[in-house]
Structures are given as C-alpha cells and as structure tokens.
Number of protein chains: 2
Amino acid sequence: MKLSTKGRYAVMAMVDLARHAQAKPVSLSDIATRQEISLSYLEQLFARLRRAGLVKSVRGPGGGYRLARGSADTRVSEIILAVDEPISATRCTEMGATGCRADRSKCLTHDLWEELGNQIHLFLSSVTLLDVLERRLASRLLEAPSAANSDTMAAAS
Amino acid sequence: MKLSTKGRYAVMAMVDLARHAQAKPVSLSDIATRQEISLSYLEQLFARLRRAGLVKSVRGPGGGYRLARGSADTRVSEIILAVDEPISATRCTEMGATGCRADRSKCLTHDLWEELGNQIHLFLSSVTLLDVLERRLASRLLEAPSAANSDTMAAAS
DNA sequence: CAAAAACCAACTGCGTCGCTCGGATTTAAT
DNA sequence: ATTAAATCCGAGCGACGCAGTTGGTTTTTG
C-alpha cells in the first residue's frame, strides 16, 4: 500500500464524483475545475480507475463518469490501489512473502512493515466514499490502546 | 508522516544497532555489511539520527554509535520522522492546518488524510525497538473494529 | 457537420532516492 | 609519532516517479 499524493488526487476526484452524482454523468473538466487538478492528469487517473472497475464512462457530449458501484460500496483503499504503481520492489517489498534478503531470511523489521501495511489497509478499507462525504471518520477503531504508556509519545508533527 | 524506503533503512539500521548493543559502540561498517546497506548512505542517515538525539557517536578507532536512550524507549515513529524530509507540501500538507486550497476551505478529504496520519503515527509510536527485536507487534490495537461490515473488504494486497 | 466529451501516447521539468567519491577530523593502538 | 579506524562532511550522479503538457483520435449528441 503505497501512500503518495497521486492516490490523494484520485480520492479527491472520486469524492467529488460521488458528491455530484445525479442522473447525468460527471465530466472530468467539471471535476478538474472544482478540485483544481489538471484535466489531462485526471484523464490518466480515471483511465486506471476505469480499468479497475471503479467507474464507468459515457462518451460523447453530455458524457462523463459514473461510479460503478454506490458511494457506500467504494472503499478508499481500492482507489489508492488502483492508481498507484504496485511499488517497484526496493528490497523488503512491503508484502514480500518471497523473503526480503539475498538469503531467504526475513529481515528483522519485516513483521513491522507487514503489520503497518495491515493497519493502513484496514483503516482505508473501512472508509467508503460516503463516509468521507458525511464526515464519518475519526472514532472507529482505536479509541485507546488500553494501557501501554500513552503519554510518552514523540513530539509528533 | 512520510512513508518511504528511506525510513525503512533507518529503522533496519537502528534495530540492528539495538540488537548488537554491548559495552562497545557499534560501527557503521558492521551494520552496513550485516544489513546490506551502503556505508556512505548509512552515514547520512545516522547524521540525521544523531541530530535528532536518537543516537550518540564515539569517534576514533573502536568507536561507533550507541542508542541515546534504551531500546525500550526509542520509538519507530521517531526514527522515521528523523530521517524523512518533512514533505515539501504538495497542496493538502498532510497536517496542513493552514488549509489546503486557494480559498481557505478544507478540501473534502482533509479529515481523511488527517485521520490516516494519526493512525499511522499512533501505530508507529506504539512500537519500540525492543518490541521489534522481540517480535511483539500484531495484536495490540484493533483486534476487531467491533461491528461495521468486516467481510466486504477489498481484495487486499 | 460541429462540438463535447472520453480516450490515448509521448514527452518534459522536477524532486527525491539510494549511492558514490573524495576528502577532513578525531582518537585508539602500535 | 605514525598508522589506521572510525565518525564527519559536502558535492554530485543516475534513475525513477510525479504532475503536467501537447497533440492528437474516437465516439456521440444536437
């Protein structure tokens, strides 16, 4: 699960699409002006989203894009996975499974990244477009890791 | 909280350092050969780690690095924050607060990224070097998001 | 037919990553 | 004192992905 601004743009666009979904499909130029994203860049993102089956396209004037499924059935994780390259494998491939070193031994931190990947994916797949629109995030999962020193946290940022 | 392979290298090196901590400091060339990371690259990473106060250096032959605090008091989140650029601000600055658009309105997905950032930071700051060494991850937080459709999850990967 | 839209491919400027090179400083061991 | 092991430091480099641009083509509505 790569996490770049590219995925963010895609999610922004999809939320915008969900928001303005009506009888007529939504054109990319509308989304482009509303979200302040380059039209051609959006085209590239939506090409991937279409191939991933997240949106359907309608060609010709008055055409545009529609969500393939409902906004309550489209998860943020899917959008990000659709547009991001599945990472080019720089050593420990995040989900390697094939083992992350020359010899076959898992590196010491392998489990850590795997768990982190799980956490992120779990969170993002628990959020739908509708959730974002209606501002239903926060709460849900981890209201408090129970005990475990919760005050020694780093300075954050 | 940026998430790149750079931070991963740093964490790998720090875990290695924690593992081989004894009376004598650990030299970077030892870590380099064990972890298969370029020595000069390690030097750059440790320069940042030192400036962040996570390690102390001992110069001269027989020198090397030591953890500034114990392995149970060094959190993974601190390591990553130390080595990664604080991101160059591409629109919605992850933690913007200043607002992410030309006009002052928070973009629709602002809350989402903020929450995601919180999740990641919370997880990574709940894991210490000692935890990684002793393979104490998994479990901890979200054993189950209680209700909320947990079966409709995307294909993962 | 004209215009609006999705489609498509190639290219570009830029920044970061991972790494190299060539040093300099400090300091323990001989 | 010399040597050598180590940290320090800065400049630069090749490759890659990102965000965007250009210049089309196809489809379809009016």
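Note on naming: letters A, B, ... go to the chains in the order of the sequence lines (proteins, then strands), and numbering restarts at 1 for each one.
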Value in whole Å for how far the [atom2] atom of [N] lies from [atom1] of [X]:
| X | N | atom1 | atom2 | value |
| --- | --- | --- | --- | --- |
| A:Glu43 | D:dT26 | CD | P | 16 Å |
| A:Phe46 | C:dA5 | CZ | C1' | 14 Å |
| B:Gln44 | C:dT16 | CD | P | 14 Å |
| A:Lys24 | C:dA4 | NZ | C1' | 11 Å |
| B:Tyr41 | D:dG14 | OH | C1' | 14 Å |
| B:Leu28 | D:dT7 | CG | P | 4 Å |
| B:Arg48 | D:dC8 | CZ | P | 15 Å |
| B:Asp30 | D:dA5 | CG | P | 13 Å |

Original post:
Counting any heavy atom closer than 4.0 Å, what does B:Ser40 reach on the DNA or RNA strands: base, sugar-phosphate only, or nothing?
Top reply: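 Base contact.
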Any side-chain N or O of [X] under 4.0 Å from OP1/OP2 of [N]?
| X | N | answer |
| --- | --- | --- |
| A:Lys6 | D:dG20 | no |
| B:Ser27 | D:dT7 | no |
| B:Tyr65 | D:dC8 | yes |
| B:Ser38 | C:dT20 | yes |

side-chain contact (heavy atoms from CB on, under 4.5 Å) against [X], all qualifying residues, sequence neighbours excluded:
| X | answer |
| --- | --- |
| B:Ala21 | none |
| B:Glu43 | B:Leu28, B:Leu39, B:Ser40 |
| B:Leu133 | B:Val15, B:Ala18, B:Arg19 |

Original post:
Going by heavy atoms closer than 4.0 Å, what residues in residues 49-63 of chain B are next to DNA chain C?
Top reply: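 Per residue number, the list reads B:Arg59, B:Gly60, B:Pro61.
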Original post:
With A:Arg48, which residues qualify under salt bridge (charged side-chain N to carboxylate O under 4.0 Å, His left out), at least two apart?
Top reply: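 Result, salt bridge (charged side-chain N to carboxylate O under 4.0 Å, His left out) vs A:Arg48: A:Glu85.
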Original post:
Are B:Tyr41 and B:Ile80 in one and the same hydrophobic cluster, where Ile, Leu, Val, Met, Phe, Trp and Tyr link if side-chain heavy atoms are under 4.5 Å apart?
Top reply: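 B:Tyr41 and B:Ile80: one cluster.
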Original post:
Which listed nucleotide (D:dC18, D:dG20, C:dC19) is nearest to the side chain of B:Tyr9?
Top reply: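 Comparing D:dC18, D:dG20, C:dC19 against the side chain of B:Tyr9, the answer is C:dC19.
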Original post:
Of the candidate nucleotides D:dG20, C:dA6, C:dC19, which contains the atom at the shortest distance from the side chain of B:Ile37?
Top reply: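 When the side chain of B:Ile37 is considered, C:dC19 is the closest of D:dG20, C:dA6, C:dC19.
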Can you list, pair by pair, the side-chain donor-acceptor contacts under 3.5 Å of residues 56-68 of chain B, counting residues two or more places apart and other chains?
unit_1  : atom_1 : unit_2  : atom_2 : d
B:Arg66 : NH1    : B:Ala23 : O      : 2.6

Original post:
Are the side chains of A:Thr109 and B:Tyr9 in touch, meaning some heavy atoms are under 4.5 Å apart?
Top reply: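 Result no, sub-4.5 Å side-chain heavy-atom pair not found.
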